[in-house]
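Presented below is the structure to which this report refers.
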Amino acid sequence: MPSSTQPGYTVFDPNCDTNGTPFVALPNARAYTGISAGAAYRIEVPANWNGTLVVWAHGYRGAGKTVFVNSPELRAHYIDAGYAWAASSYATNGYDVGQGVRDSYATIGLFRQATGHAPKSVIMSGESMGGQITAVAIETYPRTFAGAMPYCGVLGDVRLFDYFLDANVTAAALAKVPIDFPLNPPADYQDQWRAKVAAILPALGVKTGQPPALTAAGQTWSDVVERRTGGPRPGFDGAFAYWNTATSLAPLNDLPFLFGLYPGLTGGTSNIAPGNVTDNRFTLYRSTDRWWPTAAEWQLNASVLRVRHTADADPGLSGIPRVDGNPRIPVLSLHDVGDLFVPFSMEQVYAQRVAVHRQSSLFVSRAIRGVGHCDFNQQELTEGFDDLTTWIHTGHRPAGDAILNPKVVASPEFGCRFTRGTHPYFVAPACS
């Protein structure tokens, strides 16, 4: 049906999945659906409800004009364990984190209206962009939530877009192809960028849709990207090949993945912020771990395009909302070490911010040996959720990985502790 709040938008029926499968309650549960303020929602409550509601936030869905709600991966586990859950489509698509926070928070009131009962406690969870929604929501409404579980989340707010900038400007500098960063891109800028990328790729040994055969410059680029995404760690070479074989998001799906994410294509706004949120004026790009940069590293830093931000992460819910790293409640997060869409470094950024607020005891991060985005299996997610809820109930902090220790991250065993089974395309020595 047409959206009641967003001109030009339509809202997909929450009683159906987009493939046409009806949404019906699981056995021994009751489901509620509806549309409120232009957003579809789903709610499900088990017969043996324990009084806790899980609010789940979905990830980025592109810039289309149809919104739809889907069920969380842990739906069956929530119901079996006695937890109710609620999810929203959000009233908008795009990278609209603020709208996602508002609509996710609104499901708590919708739950009360639909069921006639207020939850005794609420847990916030979400994947990818929904991970940033989770991190922002618990800081925006600090008295509402008892715990949070973001996974593959954008926990570093605008630092994600800095990484997209880093990957592209260093590739261009190493390929010796001059590029620009227009704050107001002309209508034909996508085609201009395609021509630039066509000149960059051969110098790096990257081919659209094919495994890369890296040149010396391409290997240096790989080394730089590795350090900008979390540091040397197991499985990175395979992850780099995987993401450079993958094509980017439409309409730039004729380019290798990272090149379609260049922030200059949107003036650095991601079409949501009021200006350019990216900045690399003071970034020191490294391809080695030596104490002092090499001559080649100095040369790269002298030749790379430098960009100045004109907008910051927003302290409220406008633009790209800021993640302060001030959770005040238990937070357990999972992230794939080979994810180069939302990289593992997002966990490290959040851990550093949490440490500044002296709340490191409230954050647990778990590394998973996968290369895809949100590449987790049910066992990994279930164990994370169960350990979070035990933490909430008992106060005993569960185990995690020392993600801010470079020696731990570089260890061949990194990620073994919480990975269950094997993940496709992750290539590294087997865990002992």
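When each of Trp49, Trp85, Tyr32 is paired with Phe111, the ring pair (Phe, Tyr, Trp, His ring centres under 6.0 Å) condition holds for Trp49 and for no other.
Aromatic rings from Tyr242 and Phe426 are positioned such that their centres are separated by 6.0 Å or more. Ring pair Phe236/Phe344: centre-to-centre distance not below 6.0 Å. For an aromatic pair to be called close, the ring centres must be under 6.0 Å apart, and Phe161 with Tyr95 satisfies this.
Side-chain contact check for His423 and Glu380: at least one donor-acceptor pair (N or O, by modelled atom type) lies under 3.5 Å. Donor-acceptor pairing under 3.5 Å is lacking for the side chains of Thr266 and Asn271. Side-chain contact annotation: Gln6 with Tyr90, donor-acceptor N/O pair under 3.5 Å absent. Side chains of Tyr151 and Glu73: a donor on one and an acceptor on the other come within 3.5 Å. Under 3.5 Å, the side chains of Thr107 and Ser88 contain no donor-acceptor pair of N or O atoms. Counted by atom type alone, Asn93 and Tyr9 present zero donor-acceptor pairs between their side chains at under 3.5 Å. Checking Glu383 against Gln379 by side-chain atom types alone, a donor-acceptor pair falls below 3.5 Å. Counted by atom type alone, Thr278 and His309 present zero donor-acceptor pairs between their side chains at under 3.5 Å.
Taking the six-membered ring for Trp and thresholds of 30 and 60 degrees, Trp221 and Phe240 have ring planes more than 60 degrees apart, a perpendicular arrangement. Using the six-membered ring where Trp is involved, Phe259 and Trp193 have ring planes that are tilted, between 30° and 60° apart. Aromatic ring orientation, Tyr105 versus Phe145: perpendicular (interplanar angle above 60°, classes split at 30° and 60°).
Shown here for Gly325 and Glu139, the closest heavy-atom pair between the two residues is N-OE2, 2.8 Å. The two residues Ser360 and Val354 have their closest heavy-atom pair at N-CG1, 3.5 Å. Among all heavy-atom pairs drawn from Arg308 and Asp279, the shortest one is CA-OD2, 3.6 Å. Of all heavy-atom pairs between Ala367 and Phe418, the closest is O-CB, 4.3 Å. Contact record, Val69 with Pro14: CG1-CB, 3.8 Å, taken as the closest heavy-atom pair.
A donor-acceptor contact shorter than 3.5 Å links the side chain of Gln132 to the backbone of Pro321. A donor-acceptor contact shorter than 3.5 Å links the side chain of Arg397 to the backbone of Phe363. Checking side-chain atoms of Thr419 against main-chain N and O of Cys416 turns up no donor-acceptor pair under 3.5 Å. The backbone N or O of Asp339 lies less than 3.5 Å from no partner atom in the side chain of Asp336, so there is not a single donor-acceptor pair. Between the side chain of Glu127 and the main chain of Ala57, no donor-acceptor pair closer than 3.5 Å is present.
Geometric assessment of Arg61 against the ring of Phe68 yields a positive cation-pi assignment under the 6.0 Å and 45° thresholds.
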Quick one: do Phe341 and Phe257 satisfy ring-ring contact (aromatic ring centres under 6.0 Å, His included)? Show the steps, please. CA-CA 8 Å; Phe341 185 10; Phe257 190 81; 5.1 Å; yes

